[in-house]
Each structure stands twice: as structure tokens, then as C-alpha cells.
Number of protein chains: 2
Amino acid sequence: MRGARRQIPDVCVERLSLYVRELTRLGQRGVGYVSSRRLAEHVHVSDAQVRRDLSYFGQFGTSGRGYEVRRLQTALGQILGIGGRTWYVGLAGVGNLGSALLAYRGFRERGFEFRVAVDSNPDKVGKVVQGLTVASSDRLVEIVRSQQLHIGIIAVPTDVAQHVCDRFVEGGVRAVVNFAPARLEVPATVRLRNVDLAIELEALAFYLGRTRGLARQNGKAA
Amino acid sequence: MRGARRQIPDVCVERLSLYVRELTRLGQRGVGYVSSRRLAEHVHVSDAQVRRDLSYFGQFGTSGRGYEVRRLQTALGQILGIGGRTWYVGLAGVGNLGSALLAYRGFRERGFEFRVAVDSNPDKVGKVVQGLTVASSDRLVEIVRSQQLHIGIIAVPTDVAQHVCDRFVEGGVRAVVNFAPARLEVPATVRLRNVDLAIELEALAFYLGRTRGLARQNGKAA
DNA sequence: CACTGTGAATGCATTCACAGCG
DNA sequence: CGCTGTGAATGCATTCACAGTG
């Protein structure tokens, strides 16, 4: 079998991000300590869930007092890999969605740096978007290599998504985030994550179509 | 026929969308029948998973032959609530992300119709984006009512997300999709779904930070 | 006290494995 | 045969409940 370490639930990692976000806010408001209960409320999970999630990574609390906000915040940041370190990101596809991603300030704040944006449309190549000069998609592989990109983001049309993905992988990225509505093939060494806008709506339609009455909240991390 | 309404796994619904998508493609290629095995391969799940997912909703296959592509496609479409019916959607926030959503053709194809887009920026109000005239956010409640919107999409900055959400709910939407990095409060009758771009990257960073070696594929529906 | 951290119990989701059908 | 549909078994994730602690 693989991975000797204790198995950390996949969804737990996503919640970690939410905890950090809430802790940041609490810190800004000058809150010094927070209990699992209060933290849980803000993130919409149970208090037991919070304690269990944290327990995967160590002991951060004080009996009777709770968690020290600043300390927990930085600790979780470290664990998530967004403490100190900067991850280099490349974007393929500078359409509306791509532009939205480039414009999103949250990335930079958390240590993700867009170093490159490429597009196959010659009209876009050379233009400057969010302080980044758009390069040609043809040069993607060499760019990924020379810029040492860790993560590739795919915001291109479905029919070229796999091709672009392959170029990212060829260049040596270690993870890919795919916004195209396609299932991409990547080697086992590369981490793949899909964000599919149509599915979000379709899943809703399913519940709207049946539950006339009350609806459970949906279990999507966010 | 036993246990008439069994509980359907949340993730199963998302996979249904993927099945429909793949079936559509197979249909276009003229494929008449498909086995759970082959369908599973394309969607990156196990064949048992496919059969189990389908079994929640009925029996669609033929022993020894598999599933008739066209028939299964329409059946699943019905189940998802995207067969025939049109869902009315409203967008709040016509920035890059909002524009990207308006431009996404996949929605219309699957029976989601943007009827309204609003923005709080006076410079944007009155402009036409993707064939839709941008209205003022102030009028959101009445617009939701008069246009009979089922779904509200939130693509506004974090600090006003809750306010906009409340207006959607007040107007009577039955579901909300939130793209802002905030946890929104909605009554139990309203279905909420969050799409959080930063979390996608942070979850990746976690795995990049630790697994030097091979990475499991990530379980995000797409 | 008020709270954490965690075994044990429960509840979901996935896979196994095979009877039964075309 | 080849393949579906599904009980039974397994494997994950969440909650319970409480001993232990500052």
C-alpha cells in the first residue's frame, strides 16, 4: 500500500482553508481566543468536526480557553502550504473567466503568483492583462519550464483543454486546475482538480425539481 | 419495488451530470450502446459506481448489452431536471467572473436561462452584456419577483455578498450559487452552493507541499 | 468550570461478488 | 457467454460522549 502516514480526509483539507479565512477575520477584529464551537458556527460545521480536523495535525488548543487565534491561523497556514512559500501559477486562456482569475486578489494574498498567461488568439498575445503580458500558447511548454511553474490553470474551450493540459504536464507542472467541462487525463504524479460551473447548476436543478419543501444545505466547500 | 425513496448520495447527483455529458458525446459519435465499464472509464469512476448510481433511479440497462445511449441520456436528463424544463437564473455582479458566466454557452444548452443581470456600479447599469441589459442592484428584489427567478448567482465582492444573497432570498429564489469567498446564511428552504476559487488552489498547495511522489487524483466533480 | 482531544459508535459512500437475465 | 442490478462487506467521514486539563 501507499502512504504510511495517517490518512487525512480530502474534505478536511478544504475546511482548513475556511478555518484560516475565519481566523484571519477574527484576528482583524482583535479576537484573541476562539472555541471550536464558535469557529464551527462561522464555517457551518459541527464543533466536533473542527476539533477532529485539527487533531489530524496536532494539538493547538488550551483546555477551557479554546484556540489562540493568531497561533492557530499561522499553524494552519503552514500546514496548507501557504505560509511563507510562494507557488508559481500559469494561466491558459485569457477570456472572461481567465481575466477574472487573474484579477482575483485572494490568490496573491495567499501566496499564489500568476507568472504567466497564454492564449492562442493572436489578437490577445502581447496585450497586458492585470500587469501580465499575454504570451502565445505555442510556447507554453518552454514557458512552464523557464518560469518553474508549479500549477497550471486551464480556462480554455473544452475542445483544446486536453491539449493544453498535456503541454502543462510536459513542461513540468505538479498540479492542474481545470475549468473546462471535460475530464482530463493526467499522469498519476500530477494532481488534478476540476471546477465545473455547469455541474453546480445541474446539481441544484435536481434538488429544485424534487424537493418542494425544505432543502438541506449543500455540502460544497467554499 | 422496495424502499421507494431511498437517500441519494450528494456526490452521486454530480456524477449524473458527468454521465449525461459523456452520453451526449457518445450519441454524437453514433454509439448505440455503452457498458457501465466503458462509461465509467470516461468519467474516471469504477464500473460498480456507475451501476450503483443509476440503480438509485431505476433500471436502465439490458443484461449482456449495456445501456442504450440515447435512452439513458434523456432519462438522466429528466431526473436531473434539465429535460424540457427551463430554469430562470439571475446574476448579481457583472465583473469579469459574472461576464464569464453570462458568456458560458453550456448553461443555455442545459435549460438555464439568464433573465437578469444586476450590478451596483452605475457605470455598468444600462449596458448590454451578452444580450442582457444590466439593471441596478437596488431593484433586485422586485426583479427576482417579476421575472420569477429560480436561481440567483452571486459574483459580487465578499463584503456585499450576504446583502445581495438576502435580496435574492427576499425576492423568492429557491437556490443560490455563491462565488464570493464567504459563508452565507440562507433559510433552510433555500438551497445554497458555494464555489470557491481560492480553496481549489489551497487544497492543491497542501498536497504539493507534502507529497513529493505520486498524487492521487482529486475527487472533485467536474 | 469550560473547553480540548480522542476512542468508540454511528452513518454514508464505495466496492465486492455473484445471482439472474438476454 | 457478457453484462446488469443489488445484497453484503468494506472503507471513509462524522458525530457522540466523556476522561482529562489549565
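Every chain is numbered from 1, with letters handed out A, B, ... down the list of sequences. Computation of the quantities below employed the complete heavy-atom set of this structure, encompassing side-chain atoms and omitting hydrogens, waters and symmetry-equivalent molecules.
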Between A:A48 and A:P9, whichever has its closest DNA chain D nucleotide further toward 5' is A:P9
Output the rounded distance in Å from CG (A:L54) to P (D:dA13). 16 Å
Between C:dT15, C:dA13, C:dG7, which nucleotide gets closest to the side-chain atoms of A:R52? C:dG7
Quick check for you: among C:dT15, D:dT15, D:dC3, whose closest atom lies nearest to any side-chain atom of B:S35? D:dC3
Dump every N/O contact between nucleotides 18-22 of chain C and the protein below 3.5 Å, one line per pair.
| residue | atom | partner | partner atom | Å |
| --- | --- | --- | --- | --- |
| C:dC21 | O2 | B:S63 | OG | 3.4 |

Looking at residues 66-83 of chain B, who's got a heavy atom less than 4.0 Å off DNA chain D? B:G66, B:Y67
Could you state the atom-to-atom distance from CG of A:D47 to P of D:dT14 in whole Å? 14 Å
Is B:R193 salt-bridged to B:E14, cutoff N-O under 4.0 Å? yes
With A:R71 via side-chain contact (heavy atoms from CB on, under 4.5 Å) - residues at least two apart: A:F60, A:E68
Between A:D196 and A:R183 (salt bridge meaning N to carboxylate O under 4.0 Å), is one present in this structure? no
What's the CD-P distance between A:Q49 and C:dT10, to the nearest Å? 19 Å
Salt bridge check: are B:R167 and B:E170 linked by an N-O gap of less than 4.0 Å? yes
Test side-chain contact (heavy atoms from CB on, under 4.5 Å), reference A:S36, set A:D53, A:D47, A:V45, output is A:D47
